[in-house]
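Have a look at the structure below before the remarks.
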Protein chains: 2
Amino acid sequence: MDFIKELGYLAIASRMKRLTDRFMRGGSQAYKALGIDFEPRWFTVFYLIYTQDAPLSISEISSSLKISHPAVIQTTQILTKKGLIKSFQDSQDRRIRRLAITGKGKELVNFLIPVWNDFETATSELFEKAGVDMLDIIKSIELFLDEEDVGSRIINRIKQRQYNAVEILDYTPEYKEYFQKLNYEWLEKYFQVEKLDKKILLNPEEQIIQQGGFVLFARMGEKVVGTTAVLKRDEKTYEIAKMAVTEKAQGMQVGRKLTKEAIARAEEKGAKKLILKTDNRLRAAVNLYRTFGFKVTQTKPTIGGKYERERFGIQMKLDLI
Amino acid sequence: MDFIKELGYLAIASRMKRLTDRFMRGGSQAYKALGIDFEPRWFTVFYLIYTQDAPLSISEISSSLKISHPAVIQTTQILTKKGLIKSFQDSQDRRIRRLAITGKGKELVNFLIPVWNDFETATSELFEKAGVDMLDIIKSIELFLDEEDVGSRIINRIKQRQYNAVEILDYTPEYKEYFQKLNYEWLEKYFQVEKLDKKILLNPEEQIIQQGGFVLFARMGEKVVGTTAVLKRDEKTYEIAKMAVTEKAQGMQVGRKLTKEAIARAEEKGAKKLILKTDNRLRAAVNLYRTFGFKVTQTKPTIGGKYERERFGIQMKLDLI
DNA sequence: AAGAATTGTGTAAGTACTTACGTAATTATA
DNA sequence: TATAATTACGTAAGTACTTACACAATTCTT
């Protein structure tokens, strides 16, 4: 029974690892059977040093093989101990230690060349029998991964799913309490709830909607996890304010979807300019707004601003069309 | 610059390893980005325990995943410390420790299921874009490796090459010295050179060839590395004797090719039966003869045998049709 | 020309496996 | 029913990487 096989692409990395280990062990067995004191993992470093005319430095080997430099150091230490390579200081740059093959090393290479040939033939024959051009496959996969690595591929997919799971709702009186609660949650964490906050948060209909603005809510599943308000400043200018996302839902694209919807609705209402006030220390928020095209317009302390916290804040602006 | 790429199938294992590492690291990054305390390497063990209804033992997990049991123990120790699984002693067999998922573990699974889904979609999409059915490829390669593993594929190829490199030569007077030297080499190592040995080794023409037998030599490159004699016992019976391969060439199929040629030539001369005397302690030799169909016919000490060493020896026989 | 930044190497610690070996419990065997 | 063999688990040591950090030499910047 082989559980990993059953999991398909879910455990593809584990399965590839298992296969790779099998290849590595096979190589090791072959050397052992021949009575040669050599390991497959030394091959790339040793062969690189052998083929290059000019002695290489540690970091040159590291970048050529795309492995870490401590890995190179470890391997070269072993090869040096075996007497297969030697090292000397570079004459120009005293930081650099250059590595070259020894006479004993060359002797071993001559002995190993036909063996390596057999390695190559045996593996290429195996892949040929399996009807697989493995070199081409790896090349093509590596190319795709150079474009975007596995991690970010997965992360983007997760974000997309989370984004789709967020539903944006219009203001209704029964959600009023969430507008207050969600904003209190973060205000209390980072700043204090000031007098003007309370006034707006307690009376959104009167303070925002009746003034020509609007309020949005974000729902994930059954839970209201975020909110934002858009205030009307004048016919062409609106302000995004009172954006709040509950802690548990942060990083789940709630703010992104709220912002996107807020911009779209403001545009519908005839806005030509959107502004917002935030705090330079709230990096996630500032970066989010930036991805929508908001630019910082004011970083100096607003002396006599309406809110105490504005003394540390910045203003951002987005021109529509 | 990517040296490993240039090496083709010679460094395919290193290249596969690099690719696998990339996948593993990608998974790790994704969990980290989500703020989840979970690692890709835990997945197979954790998921197996989760999916199975009955709690599993260490060795059941080990064989299901085809990894060593200490690897399972290590992973389960971590998962236990994280509170995701728990263990209890089996009621029937007190050696067995059974592993089951905890409430906390189930909670995490529920959270992770959509994430794992994203893992799967992201990787399968990647392979699809690359035009590769990776699951099928790995399946097919694993199938071939189950038949014959990488190590033995390589070793067989090396042996074949070595076998082809051995050239069998007929007796000529100028090689006479090798017949003596090669036999002295091993006789002195394992036994003593006895009186009868000397007589035959010094006069092969008279003692072997003129009696209806023959002598063969094996050459690798410029060097004579092995020899054997075939003595005529009667019209239908020949004896393989004085087989010697120099130490440096041992394991290189010299004995095999000499034996094969000896059998073929004896057959040409009309032999119906081949016998030989060897020592049970020379395992490599006995096994070699066995692969040609020789059977042990006599294991008891030959009291009063011609050679002192025969007291520890065995006799083998091969019937030729 | 002084200070900052970068580069090359080395060391330490951590991770995720492996093989080898030890011990206790169970099962098979004579 | 002793004894041997097998099984299940655990521990130790080794391997082959990694990341993080330290330090010296060199190069860049002002």
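Every chain is numbered from 1 and lettered A, B, ... according to where its sequence line falls, protein lines coming before strand lines. Bear in mind the structure is a predicted one, so any value in this text is a computation, not a measurement.
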Without decimals, in angstroms, what is the distance between [X] [atom1] and [N] [atom2]?
| X | N | atom1 | atom2 | result |
| --- | --- | --- | --- | --- |
| A:I73 | D:dT18 | CD1 | P | 12 Å |
| A:L65 | D:dT18 | CG | P | 11 Å |
| B:Q89 | D:dT7 | CD | P | 20 Å |
| A:Y31 | D:dT15 | OH | P | 17 Å |
| B:D90 | C:dT27 | CG | P | 11 Å |
| A:Q77 | C:dG10 | CD | C1' | 9 Å |
| B:F43 | C:dT15 | CZ | C1' | 20 Å |

Open item on the list: side chain to side chain contact (heavy atoms under 4.5 Å, CB included) for B:R256 and B:Q253? Distances and angles first, verdict last.
Closed with: CA-CA 5 Å; B:R256 177 169 303 276; B:Q253 318 307 311; 3.4 Å; yes
Open item on the list: If you only use heavy atoms from C-beta on, which nucleotide in C:dC17, C:dG8, D:dT11 is closest to the side chain of B:Q74?
Closed with: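 The answer is C:dC17.
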Task: CZ-CG distance between A:R157 and B:D118, expressed to the nearest 0.5 angstrom - done: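 Separation between the atoms: 7.0 Å.
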Open item on the list: What's the separation between atom CD1 in B:I158 and atom CD1 in A:I36, rounded to the nearest 0.5 Å?
Closed with: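 Answer rounded to 0.5 Å: 7.0 Å.
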Task: Interface residues of residues 53-61 of chain B with DNA chain D (non-hydrogen, below 4.0 angstrom) - done: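 Only B:S57, B:I58, B:S59 qualify.
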Task: B:E128 atom CD: more than 12 heavy-atom contacts under 6.0 Å - done: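 Count not over threshold, so no.
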Open item on the list: What contact category does B:I96 fall into here, base, sugar-phosphate, or nothing, at under 4.0 angstrom with non-hydrogen atoms?
Closed with: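 Sugar-phosphate contact only - B:I96 comes under 4.0 Å of backbone atoms but never of a base.
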Open item on the list: Give me the atom names and distance for the closest heavy-atom approach of A:S87 to A:L99.
Closed with: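 Closest approach of A:S87 to A:L99: CB-CD2, 3.5 Å.
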Open item on the list: Test: side chain to side chain donor-acceptor pair (under 3.5 Å). Region: residues 67-86 of chain A. Which pairs qualify, not counting sequence neighbours?
Closed with: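 Only A:D37-A:K82 qualify under side chain to side chain donor-acceptor pair (under 3.5 Å).
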Task: Side chain to side chain, A:S14 and B:T44, heavy atoms closer than 4.5 Å - done: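 Answer yes - side chains close enough.
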- [ ] Answer yes or no: is there a side-chain heavy-atom contact under 4.5 Å between B:R98 and B:Q89?
- [x]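 SC-SC contact between B:R98 and B:Q89 ruled out.
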TODO: For A:I78 and for B:T76, locate the closest nucleotide of DNA chain D by heavy-atom distance; then report the residue assigned to the nucleotide nearer the 5' terminus.
DONE: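 That would be B:T76.
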Open item on the list: Holding to side-chain contact (heavy atoms from CB on, under 4.5 Å), I want the full list of residues that pass it with B:I155, two or more places apart in sequence or in another chain.
Closed with: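 Partners of B:I155 under the side-chain contact (heavy atoms from CB on, under 4.5 Å) test: A:A30, A:A33, B:K159.
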TODO: Would you please indicate if the ring centroids of A:Y47 and A:W42 are separated by under 6.0 Å?
DONE: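 Between A:W42 and A:Y47, which both carry aromatic rings, the centre distance is not below 6.0 Å.
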Using a cut-off of under 3.5 Å, enumerate the N/O to N/O pairs linking the protein to nucleotides 19-25 of chain D.
unit_1, atom_1, unit_2, atom_2, d
D:dA25, N3, A:R95, NH1, 3.2

Task: salt bridge (charged side-chain N to carboxylate O under 4.0 Å, His left out) involving B:E120 - partner list, sequence neighbours excluded - done: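 Not a single residue meets the salt bridge (charged side-chain N to carboxylate O under 4.0 Å, His left out) criterion with B:E120.
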Task: Residues in contact with DNA chain C, drawn from residues 9-23 of chain A - heavy-atom cutoff 4.0 Å - done: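 Those residues: none at all.
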